[in-house]
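One structure below.
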There are 2 protein chains.
Amino acid sequence: MAPVDAVVTLSDVAREAGVSIATASKALNGKDDVAAETRRRVLAIAEAMSFRANPMAKGLNTRLSGTVGLLTGDLEGRFMIPILTGAENAFVNGRVDVFLCDARGDAIREQHQLRALLNRRVDGIIVVGASTNPRSSLAHDIPVPVVYVNAPSENPDDLSLAPDEFMGGRIAVEHLLACGRTRIAHISGDPAYTAAHGRAAGARAALRDAGLDFVADPVFSEWSEQWGRSATAMLLGRHPDVDGIFAGSDQIARGVLDTARELGREVPDDLSVIGYDNWEVIATGSRPGLTTVDAQLQDLGRLAAQRIFEGIDGADIGAGVRQQPVRLVVRGSTVPGRAPAGRG
Amino acid sequence: MAPVDAVVTLSDVAREAGVSIATASKALNGKDDVAAETRRRVLAIAEAMSFRANPMAKGLNTRLSGTVGLLTGDLEGRFMIPILTGAENAFVNGRVDVFLCDARGDAIREQHQLRALLNRRVDGIIVVGASTNPRSSLAHDIPVPVVYVNAPSENPDDLSLAPDEFMGGRIAVEHLLACGRTRIAHISGDPAYTAAHGRAAGARAALRDAGLDFVADPVFSEWSEQWGRSATAMLLGRHPDVDGIFAGSDQIARGVLDTARELGREVPDDLSVIGYDNWEVIATGSRPGLTTVDAQLQDLGRLAAQRIFEGIDGADIGAGVRQQPVRLVVRGSTVPGRAPAGRG
DNA sequence: CTGTTAGCGCATTCAT
DNA sequence: ATGAATGCGCTAACAG
């Protein structure tokens with residue numbers, strides 16, 4: 001029995017197969033100037049010996065490390081995780097691995113991490129933002145493909161994949177309209193977020209298309225349950241006839257639901273409520289379950305990985321901000337009988 | 001101006017410093033057989049040229065990649081993120097980078113990821129579980145240090161760092177007692193989780209020490225708000241004199257708070273409620289803010305990284321399950337005037 | 001088609 | 001104290 005850490009090397013495979021190291025290398029890398037029978041034999045032996053090329057040695061002369069860096073500023077990981085999952089799915093397992101770096105929203109630290117990643121010779125970089133607010137470009141002289149996800153780069157020469165906030169607002173209100181609601185209000189979060197404005201604009205567009213307008217001007221403050229509660233109290237006090245509320249986030253929506261219940265409004269019969277984010281723990285724990293908009297971040301991650309691949313292969317990955325479609329998730333807060341009380 | 005991707009190499013530094021590559025290498029790596037003046041000059045020039053050793057070339061003969069693998073089964077990232085953050089803090093930035101692999105709770109995939117990590121020649125592996133239930137050991141012949149975090153390995157030869165669930169239950173109840181509560185109940189989650197039993201046992205021990213017992217037998221079902229609501233309705237119906245509820249999770253605790261309010265119980269005046277996990281979005285969004293137990297996962301990550309370091313340096317990292325201390329976070333659900341209504 | 005030769009960038013003998 | 005030489009494991013010319 002060989003020692004446990006006996007790492008089998010290419011020369012082991014070559015010797016066993018009775019060929020030179022070079023031939024073994026070609027056979028394993030699919031080069032076409034090698035006899036079919038030879039290749040078969042080398043592959044079989046490599047498999048039998050469970051040979052795996054040392055990525056350091058390989059990378060040393062191919063200049064490719066088979067790694068990508070995921071640079072995030074998202075402490076909570078709420079956006080980063082699905083994006084990472086999507087990217088991992090796209091990167092064939094074992095062929096590309098992902099370095100995760102948390103810059104904690106600090107520009108200095110971000111530059112450090114960037115240097116570290118480039119020094120590691122990552123083949124590409126995915127930059128994940130904690131919000132969909134545009135962010136400054138990492139640098140202009142990065143020698144590998146870079147894709148910005150969620151938070152787009154301010155530099156139009158960079159490629160950015162972002163959720164379509166306008167579409168999100170639009171489909172949210174279209175759904176309320178489809179539920180027969182006509183007296184619709186909008187309670188959203190921090191007005192410093194471009195997302196808040198995009199969603200509101202999309203919502204208003206949907207109303208216009210139906211010949212309607214908001215019952216009250218949209219209100220903005222912060223992305224918290226507390227704000228959802230107080231805003232709802234004010235809103236229903238002044239406009240008791242509201243029959244649909246589009247909340248700018250699931251957290252706000254939970255506050256809306258809480259206060260609506262306390263004021264004796266039945267959801268979804270009296271009042272339909274729709275949230276935003278499809279944050280599982282929030283949206284499924286509420287009473288009733290929350291209809292909401294899902295940004296499909298996993299798709300963004302997958303697309304980003306695909307672009308990185310193309311970039312590694314030498315292709316131009318493109319530029320500009322690509323607004324990606326979002327999706328409605330229907331639960332009990334707009335449609336009776338749907339997930340009426342969370343999953344419990 | 002040199003081309004943007006002109007990577008500066010050790011021989012560049014050596015030439016610039018007027019020494020051989022060997023001497024430059026020694027100087028940069030702190031070997032002691034090099035003149036002080038020479039070292040100073042080499043270091044200065046390396047700094048000026050912003051030289052960074054190519055980790056692939058370096059790893060090729062040191063057998064150390066300067067990377068560790070973080071193997072997780074935690075889809076939500078709720079446990080993984082703080083652990084990762086703690087580990088990153090311990091690993092001096094830029095000297096060690098972290099490969100993140102999500103096995104999605106699939107043992108087959110986990111073995112694949114493990115192979116991929118070992119093939120990458122990671123210097124160590126941190127295994128993060130989604131629960132604190134013991135899990136099977138990865139393998140017995142892993143040539144690098146492995147530390148299990150959160151979910152301990154079933155193999156006592158492995159080193160595991162886990163939160164002290166017993167202590168958590170104990171300090172939760174001790175806090176309720178300190179708040180003057182004596183009629184205490186426990187509503188917890190899925191009895192298939194060892195955490196549920198550990199917390200309950202710790203809670204009971206604290207009561208015993210005070211010459212008390214639970215007002216009603218602890219109940220177990222699932223870690224959801226819905227269960228927290230229905231369990232509370234049952235509990236307060238049968239034992240209206242309960243003045244303290246220890247919930248097995250923050251989600252359950254939110255359900256408790258909801259139902260308590262609906263039944264007209266004032267928290268924390270009539271009834272004190274304490275949760276578990278310190279899951280920010282849950283614990284700070286509630287009314288009032290939730291007193292809860294924090295597992296200090298960031299510390300676990302930091303400790304794991306330190307152990308990995310020791311292991312890389314050749315030391316024995318130890319074995320067995322190390323129960324790490326947990327911590328109480330006090331908010332308004334047990335103490336009046338503390339974070340009375342979330343952060344809003 | 002196959003093998004020989006030459007590096008990739010660095011650490012490490014072993015001379016000097 | 002310094003430098004020439006050797007090799008880590010592999011890929012990429014080139015020569016047979």
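For the residue pair B/D97 and B/T67, no side-chain donor N or O sits within less than 3.5 Å of a side-chain acceptor on the partner. Side-chain atoms of A/S137 and A/D158 form a donor-acceptor pair, as typed in the model, at a separation below 3.5 Å. Counted by atom type alone, B/T194 and B/N133 present one or more donor-acceptor pairs between their side chains at under 3.5 Å.
Note: CG (A/L64) to P (C/dC8) measures 17 Å, nearest angstrom. The distance between atom CG of B/D33 and atom P of D/dG3, rounded to the nearest whole Å, is 12 Å. A straight line from CG of B/L10 to P of D/dT2 spans 15 Å, rounded to a whole angstrom. Rounded to an integer number of Å, the gap from CD of B/E37 to P of D/dT2 is 9 Å. Remark: P of D/dA12 and CG of A/D32 are 13 Å apart, rounded to the nearest angstrom. Distance A/N119 CG to C/dC10 C1': 13 Å, rounded to the nearest Å. Atom CG in A/N29 sits roughly 17 Å away from atom P in D/dG9 (whole-Å rounding). Atom-to-atom, CG of A/L28 to C1' of D/dA12 comes out at 15 Å; the value is rounded to the nearest Å.
Side-chain atoms of A/N150 never come within 3.5 Å of backbone atoms of A/V128 as a donor-acceptor pair (strictly under, hydrogens ignored). The closest donor-acceptor contact from the side chain of B/S25 to the backbone of B/I21 lies at 3.5 Å or more, if one exists at all. Side-chain atoms of A/E110 never come within 3.5 Å of backbone atoms of A/D102 as a donor-acceptor pair (strictly under, hydrogens ignored). Formation of a donor-acceptor pair under 3.5 Å by the A/S160 side chain with backbone atoms of A/S153 is found in this model.
Within the 4.0 angstrom heavy-atom criterion, only backbone atoms of the sugar-phosphate kind lie near B/A35; the bases stay farther away. Nucleic acid contact class of A/N54 (heavy atoms, under 4.0 Å, all strands): sugar-phosphate only. Within the nucleic acid shown, A/T9 comes within 4.0 Å of sugar-phosphate atoms alone, with no base atom in reach, counting heavy atoms only. Nucleic acid contact class of B/I21 (heavy atoms, under 4.0 Å, all strands): none.
Taking atom C1' on both nucleotides, D/dT6 is separated from C/dT5 by 16 Å, rounded to a whole Å.
Nearest heavy atom pair, residue A/I308 against residue A/P145, reads CD1-O, 3.7 Å.
Picking from D/dT2, C/dA11, C/dC1 the nucleotide with the shortest atom distance to the side chain of B/N61 gives C/dA11. When distances run from any side-chain atom of B/K26 to the nucleotides D/dT2, C/dC1, C/dA11, the shortest one goes to D/dT2. Of the listed nucleotides (C/dT2, D/dG3, D/dC10), D/dG3 has the atom at the smallest distance from the side chain of B/V19. Of the candidates D/dT11, D/dA4, D/dA12, the closest approach to any side-chain atom of A/A22 belongs to D/dA12. Taking every side-chain heavy atom of A/S20 into account, C/dT4 is the closest of D/dG9, C/dT12, C/dT4. With C/dT12, D/dG3, D/dG9 as the candidates, the nucleotide lying closest to the side chain of B/L60 is D/dG9. Closest to the side chain of A/V34, out of C/dG9, C/dT2, D/dC10, is C/dT2. Nearest to the side chain of A/R63, among C/dG9, D/dC10, C/dA11, sits C/dG9.
Counting non-hydrogen atoms of neighbouring residues, nucleotides and ligands closer than 6.0 angstrom, the CD atom of B/E37 exceeds 12 such neighbours.
Distances shown here put every side-chain N or O of B/T62 at or beyond 4.0 Å from the OP1 or OP2 atom of D/dC8. Put simply, B/S11 has no side-chain N or O that comes within less than 4.0 Å of OP1 or OP2 on C/dC10. Put simply, B/K31 has no side-chain N or O that comes within less than 4.0 Å of OP1 or OP2 on D/dA1. At D/dT11, one or more side-chain N or O atoms of A/S25 fall inside 4.0 Å of OP1 or OP2 (strictly under the cut-off).
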Based on Watson-Crick and G-U pairs with both distances under 3.5 Å, what dot-bracket line describes DNA chain D 5' to 3', crossing pairs as [ ] and inter-strand pairs as |?
-> |||||||||||.||||

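Between B/R39 and B/A57, the residue whose closest nucleotide on DNA chain D is further toward the 5' end is B/R39.
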